[in-house]
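Down below is the structure, laid out as structure tokens.
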Amino acid sequence: MSFLPHAIRPVTDTPRLRFAPSPTGYLHVGGARTALFNWLYARKLGGQFLLRIEDTDKARSTDESTRAIFEGLTWLGLDWDEEVVYQGANVERHARDAHALLASGHAYRDFTSAVELAAQRAEVEAKGPGHAFRVDRAKVDLPAAEVEARLARGEPYAIRFRVPEGTTEWPDLVHGRIAFPNKDIEDFIILRSDGTPVYNLAVVSDDIAMRITVVMRGDDHISNTPKQILLYQALGAALPTFAHLPMIHGTDGKKLSKRHGATAVGDWQHEGILPSAMCNFLALLGWSPGGDLEVMMREELVARFGTEGLLKKAAVFDPKKLEWMNGQHLSRLPLGEVSARVLPALVGAGLATNEEVAARHDWMLRLVDLLRVRARTIDDIVRQAAPYLREAISYDADAVAKQWKDRAATRELLAATREVIAALATWTPEAMEGALRTLAESRGIQAGKIFQPLRVALTGLGVSPGIFEVLELLGQPRAVARIDAALRELA
RNA sequence: GGCCCCAUCGUCUAUCGGCUAGGACACAUCCCUUUCAAGGAUGGAAGACGGGUUCGAUUCCCGUUGGGGCUACCA
């Protein structure tokens with residue numbers, strides 16, 4: 001053991017991170033990505049991942065959104081530690097912190113009313129571009145006697161932070177050193193005249209209370225950071241480490257929004273995307289393990305994640321690659337994990353009942369196993385599964401047009417095929433293949449000429465798993481019955 | 001407008017001064033083949049621009065351009 005500086009840190013000093021969404025809508029992919037990185041970091045280092053709902057904007061926050069956030073995170077498998085913190089429950093502490101800053105001289109009272117302020121701002125901005133309104137501390141920070149007088153009259157006031165001279169800078173885990181001259185930061189309000197806290201104060205107050213050590217969030221928060229650092233310092237609290245992640249854009253390079261189609265994680269859940277694929281895909285937006293590695297299961301993501309791989313550049317969300325990624329996960333995940341998602345979807349689509357799934361579990365697993373290879377989404381599997389789960393099938397028009405072109409000839413061929421199938425003593429792929437290829441030879445045609453019409457007869461579709469696997473899955477009686485049905489269809 | 005961040009194929013990215021710039025998605029062609037996938041092979045496709053620093057710049061520095069974010073008694 002050497003005496004490296006970090007070795008003397010207490011072992012209890014594990015990283016504490018949080019995801020702090022405001023419940024004003026569904027959980028979108030950008031938020032999910034931020035949550036994922038915080039979670040990965042905490043899980044990798046054995047720290048805590050906390051969840052805080054920033055619901056201080058009562059007008060926009062809804063319980064439904066909060067629920068959507070819980071559901072989204074749960075679906076993604078991003079479990080949080082400790083109890084959920086609701087920012088709204090801490091407004092008293094926020095106000096206390098604001099008044100402490102007032103008492104210590106780090107803040108002052110501003111008696112300007114909100115409407116008055118807005119009017120002043122409008123007046124300046126009306127002069128055209130280039131004219132930016134700026135609060136003038138000399139006019140707003142009144143002499144003690146004046147403040148006392150107004151206070152005695154019961155005039156309402158907001159509390160404004162007194163931005164000190166100098167430069168505020170921090171070593172960002174993603175960007176390295178970032179610095180802001182304090183002269184560019186306006187004295188900002190931390191407590192409204194109605195006594196409620198403003199965002200930057202609430203965040204800092206809560207992060208201190210929650211003992212957050214690493215603040216990882218979107219880089220749209222970079223310009224909030226100097227204000228927050230100033231608050232930490234004025235409050236006499238230790239600074240957390242900051243990491244600002246790049247944004248996620250839509251295919252047009254603009255900030256991701258509803259216009260880009262599915263942007264809520266719930267949308268992708270309903271489109272049949274697996275949570276592990278979603279996490280894998282999202283992880284690659286703003287982070288890289290280095291090298292050529294792309295497809296990673298959850299454990300590998302945790303094992304490889306690190307701040308060294310964090311990227312600075314905004315990434316474009318490409319749904320095509322997400323679907324490819326999902327196809328990879330569909331094939332590579334243990335069958336049990338895939339079926340755990342697919343089987344309920346089959347029930348949900350009305351193709352099977354929970355009782356049937358339970359009664360024929362192994363058969364169901366075999367079905368999922370055969371279908372998952374050629375699917376990119378759970379919905380793809382559901383769409384392909386119908387012929388195996390329903391008694392009556394419908395015939396796909398394109399498949400019929402292509403494979404049953406000559407109806408009379410097809411009927412005759414299928415009749416011959418039926419006899420071969422029905423006569424099989426052993427129901428194995430080897431037996432089926434041997435018998436069907438013999439039939440093809442005896443008729444002097446290619447085996448495919450038998451397989452294709454048969455596929456349509458058995459499934460009603462032009463595409464399916466290998467023909468012998470289909471036969472095996474259906475079982476001899478149903479296979480024969482399907483061919484009989486096809487013969488009637490062709491009559 | 002001011003401040004801040006960013007800049008390699010269409011997209012996600014590798015490269016931590018030596019590059020014939022690698023991989024993946026998408027696209028095209030081919031192979032495999034009972035269909036469709038999967039898999040394999042091949043192809044087209046990139047260092048925004050201008051200055052430095054250096055024996056040597058995609059890589060380091062400066063500027064320009066472009067994109068993004070913030071600029072509230074929103075979060």
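In what follows, every chain begins at residue 1, and chains take the letters A, B, ... in the order their sequences are listed. Computed from heavy atoms alone, side chains included, the values below leave out hydrogens, waters and symmetry copies.
Taking 3.5 Å as the limit, the base of B:rA75 and the side chain of A:Asn224 contain a donor-acceptor pair of atoms between them. Put simply, the side chain of A:Ser464 and the base of B:rC36 share no donor and acceptor less than 3.5 Å apart. Interface remark: the A:Lys321 side chain does form a donor-acceptor pair with the B:rA24 base, using a distance-only criterion of under 3.5 Å.
Here B:rA75 is the nucleotide among B:rC25, B:rA75, B:rU35 with the atom lying nearest to any side-chain atom of A:Gln87. Nearest to the side chain of A:Asp184, among B:rC3, B:rA7, B:rA75, sits B:rC3. Taking only side-chain atoms of A:Ser288, from C-beta outward, the nucleotide of B:rU34, B:rU13, B:rC3 with the closest atom is B:rU13.
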With a 3.5 Å cut-off and sequence neighbours excluded, list the donor-acceptor pairs that the side chains of residues 308-317 of chain A form with protein atoms.
none

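The backbone N or O of A:Leu439 sits less than 3.5 Å from a side-chain atom of A:Ser442, completing a donor-acceptor pair.
As judged by a 4.0 angstrom heavy-atom cut-off over every strand, A:Ala202 is placed among residues making no nucleic acid contact. Within 4.0 Å of A:Arg60, counting heavy atoms only, lies at least one base atom of the nucleic acid.
Residues from residues 322-329 of chain A lying near RNA chain B, meaning a heavy-atom separation below 4.0 Å, are A:Trp324, A:Gln328 in numerical order.
Across all strands shown, the partner of B:rU65 is B:rA7, judged by Watson-Crick or G-U wobble contacts whose two distances both fall under 3.5 Å.
One finds the CD atom of A:Gln328 at 8.0 Å from the CE atom of A:Met297 (value rounded to the nearest 0.5 Å).
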